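Before any comments, here is the structure.
As the structure is a computational prediction, the values presented were derived from the model and not from experiment. Note that ligands are numbered from 1 as they come in the structure, with each ligand's atoms numbered from 1 the same way.
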Amino acid sequence: MNDIDPQSGKNTGEQNQNNPNKDPDRWRKWRTPLLYIAIIVLGMSIFNSIFLDRMNPTIPYSEFKARIESGEIKRVELSDSYFTGYSTQAQLTQSPMSLPSTRSRSQAGVYRAVPVNDPELIPLMDSKGIDYSAVSRQNSFFLNLLFTWILPIGIFFLIWYVISRRMGGMGAGILSIGQNKAAIVAEGDVRTRFSDVAGVDEAKEELVEVVDFLKKPDKYTAIGGKIPKGVLLIGPPGTGKTLLARAVAGEAGVAFFRISGSEFVEMFVGVGASRVRDLFKQAREKKRCIIFIDELDAIGKSRINSVMGGNDEREQTLNQLLVEMDGFDAAGGLIVLAATNRPDVLDPALLRPGRFDRQVLVDKPDLKGRAEILRIHSRNVKLSPAVDLEALARGTSGFAGADLANIVNEAALLAVRAGRQLVEQVDFQEAIEKTIAGLQKKTRVLKEEERVLTAWHEGGHAMVAAFTKNSDPVTKISIIPRGYALGYTMQMPTEDRYTITEKDLLGRIDVLLGGRIAEEMITGQFSTGASNDLTKATDIARKMITDYGMSERFRNVALTTRGMGNMLGEQAQEPQFQREYAESTQQYIDEEIARIVNSEYAKTQKLLKAKKPLLEKLANELLEKETLDEKEFKALIAED
Ligand code: ADP
Ligand code: MG
Ligand code: ZN
């Protein structure tokens with residue numbers, strides 16, 4: 001959606017060459033007056049929205065259309081802020097500026113609706129022979145009235161602002177400043193499909209189900225199932241969350257309301273809340289639709305963590321959102337999607353059942369996914385047959401979908417600049433280099449040695465887990481960089497565990513040490529990459545001794561530290577602890593931790609050395625595919 005079409009970029013370039021000075025000159029001449037007109041129109045429409053709103057409440061767009069269809073509306077004025085229908089042909093010279101004098105006769109036969117981008121409207125009006133025109137409201141009184149109105153209004157605003165601050169936002173209802181800015185895309189207008197999204201197969205799978213909910217809610221409700229109301233898409237920026245939400249609307253053929261969390265949070269207290277209310281009201285009129293809240297964290301930040309009083313405005317908006325989420329029934333065909341890249345800061349209330357209780361991970365694409373994304377985005381680009389998208393995908397580890405879309409675009413522009421007819425591999429390479437330079441500030445893009453090291457490191461964790469009895473099975477291994485982590489190995493318990501034995505704990509330490517040992521095996525030295533693993537391993541060893549009574553000297557004795565409470569109330573970061581054992585015991589604990597970790601290290605080293613060929617195969621497989629799931633990993637291990 002956001003990408004500049006390289007094709008059209010090329011076209012305009014050619015046009016400008018044909019008539020190089022005609023268009024720019026004309027534009028310059030008109031620029032200033034146009035600017036003034038824009039400012040005037042803007043000013044007028046603000047006035048309109050304030051005063052006309054009070055006089056003529058809006059009707060739903062569907063009703064507006066029905067009244068056109070029934071022939072009740074004879075004339076229509078289309079403006080940016082409202083569609084106004086009149087039941088008589090006559091010109092009612094109804095200007096907001098002449099408001100006091102026309103108040104008595106303004107109501108009859110005037111219908112106003114909030115505009116909807118509906119391609120069917122014009123043909124409909126044509127077929128009904130309706131007189132329609134686009135309007136920008138201006139008249140000659142304007143300057144005059146500006147001075148007589150602007151001052152009182154300014155004062156009014158100031159007073160309203162102060163009052164609404166005091167009353168906690170109750171004033172917002174008076175003026176509908178809260179009219180939401182969510183772009184309404186009418187049904188059928190969403191052209192995005194799942195086939196436009198690649199590299200996020202797991203997320204797609206989950207969302208296919210959501211599409212099914214929207215298409216056939218009865219199928220689920222008949223059996224007594226509850227349709228989820230909210231689905232939260234979690235993932236780093238640019239991985240296709242917005243795109244996926246659009247694709248869900250497109251696939252289900254329902255309307256799509258999109259609004260960004262930051263748009264809710266405005267200067268005036270209460271505006272955000274009324275915006276949420278409006279948004280849901282409009283959505284409910286649509287029957288089947290999707291509301292998409294981008295950047296949910298902007299409103300959904302946890303209320304607990306905001307120590308310094310918090311933000312009234314955001315809190316009210318959040319509360320309103322919670323109220324609305326509780327207040328609708330998903331069986332009616334409304335589903336709320338939201339996106340965030342900071343799930344950790346979200347208010348827990350948002351994640352409760354009946355709200356955003358479904359969470360879908362939208363992660364950065366792996367090798368195969370990246371090749372597919374490149375393919376999707378170069379569908380409309382003329383590629384030289386020599387271009388090897390697989391090779392490009394290999395060189396872009398850690399790139400998100402948006403970065404890849406950008407690369408295709410950039411490559412096309414570079415080709416145009418070089419005067420080529422087709423985009424060549426070199427164009428892509430140059431585009432990638434440019435992007436890497438920019439990306440390196442935000443995320444890690446791994447160098448080849450780092451990739452190898454990471455593959456061995458993660459492979460080490462996974463191997464140890466596979467050959468340690470009672471260890472949780474490895475469900476995913478990845479060497480796609482993510483934030484500060486260069487890769488990860490995921491283990492998932494197969495059943496709930498209530499007690500963990502001494503052996504299991506030692507096994508966990510082994511798995512954690514496996515990464516570092518594997519690194520050492522290939523480079524012959526240590527790197528800093530495993531420090532987090534070491535911290536965790538040490539923690540487990542410490543707990544074994546102090547909390548679980550698993551040391552030799554203090555077998556079955558808990559060496560507790562007691563919290564002293566804290567002076568600052570609940571908000572304080574770290575409670576203070578006091579040790580309840582002797583200094584010499586502390587020394588024993590430290591030595592014992594080192595002994596446990598070191599002996600586990602030696603043990604695990606032996607294991608991995610014995611399995612080195614398999615580990616090497618695993619590392620190579622990881623370098624090739626970047627992620628391995630449970631099945632692939634098991635198959636590889638089984639070959640041993
Ligand atoms: P997010 O909302 O996660 O930040 P967007 O959906 O806004 O990311 O992605 C921006 C653009 O990048 C999309 O419009 C699309 O062109 C491209 N893009 C991102 N992810 C993908 C993907 N998985 N498949 C195809 N294109 C993608
Ligand atoms: Mg987005
Ligand atoms: Zn590790």
Could you pull out, from [options], the option with a heavy atom nearest to [atom]?
atom: atom 26 (N) of ligand 1; options: E295, H377, E372; answer: H377
atom: atom 1 (P) of ligand 1; options: G401, P236, P365, G238; answer: G238
atom: atom 24 (N) of ligand 1; options: A339, A198, A203; answer: A198
atom: atom 27 (C) of ligand 1; options: I234, L243, T239; answer: L243

inquiry  = Test of understanding: given a 4.0 Å heavy-atom threshold, classify the contact between I373 and ligand 1 as side chain, backbone, both, or neither.
reply    = side chain

task = Tell me which part of D196 gets within contact of ligand 1: side chain, backbone, both or neither, using heavy atoms under 4.0 Å.
result = backbone

ask   = Mind checking whether I545 and I596 have side chains closer than 4.5 Å, heavy atoms only?
value =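 Side-chain contact under 4.5 Å: yes.
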
Side-chain heavy-atom pair F280, L321 within 4.5 angstrom cut-off =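 Yes, their side chains come closer than 4.5 Å.
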
request  = Given salt bridge (Lys or Arg N to Asp or Glu O under 4.0 Å), test E600 with K603 step by step and report yes or no.
outcome  = CA-CA 5 Å; E600 292 309 304; K603 199 175 96 193; 3.1 Å; yes

Would you check if there is a donor-acceptor pair between the side chains of [Y] and [X] at a distance under 3.5 Å?
X: D366; Y: T627; answer: yes
X: D403; Y: T435; answer: no
X: Q429; Y: E433; answer: no
X: N532; Y: T535; answer: no

inquiry  = I want to know if ligand 1 touches V200 in the polar sense, i.e. an N/O pair below 3.5 angstrom.
reply    = no

inquiry  = The test is salt bridge (Lys or Arg N to Asp or Glu O under 4.0 Å); show your working for E295 and R342 and say whether it passes.
reply    = CA-CA 9 Å; E295 300 174 47; R342 298 289 319 273; over 6 Å; no

ask   = Under 2.8 Å from the Zn ion (ligand 3), how many protein N/O/S atoms can be counted?
value =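 Of the protein's nitrogen, oxygen and sulfur atoms, 3 lie under 2.8 Å from the Zn ion (ligand 3).
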
ask   = Within a reach of under 6.0 Å around NZ of K368, are more than 12 heavy atoms found that belong to other residues, nucleotides or ligands?
value =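 No, the 6.0 Å shell around NZ holds no more than 12 heavy atoms from other groups.
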
note = Given the options R191, R379, R246, D196 meets salt bridge (Lys or Arg N to Asp or Glu O under 4.0 Å) only with R379

query = Which atoms from ligand 1 have a heavy atom of P237 less than 4.0 Å away?
reply = 4 (O)

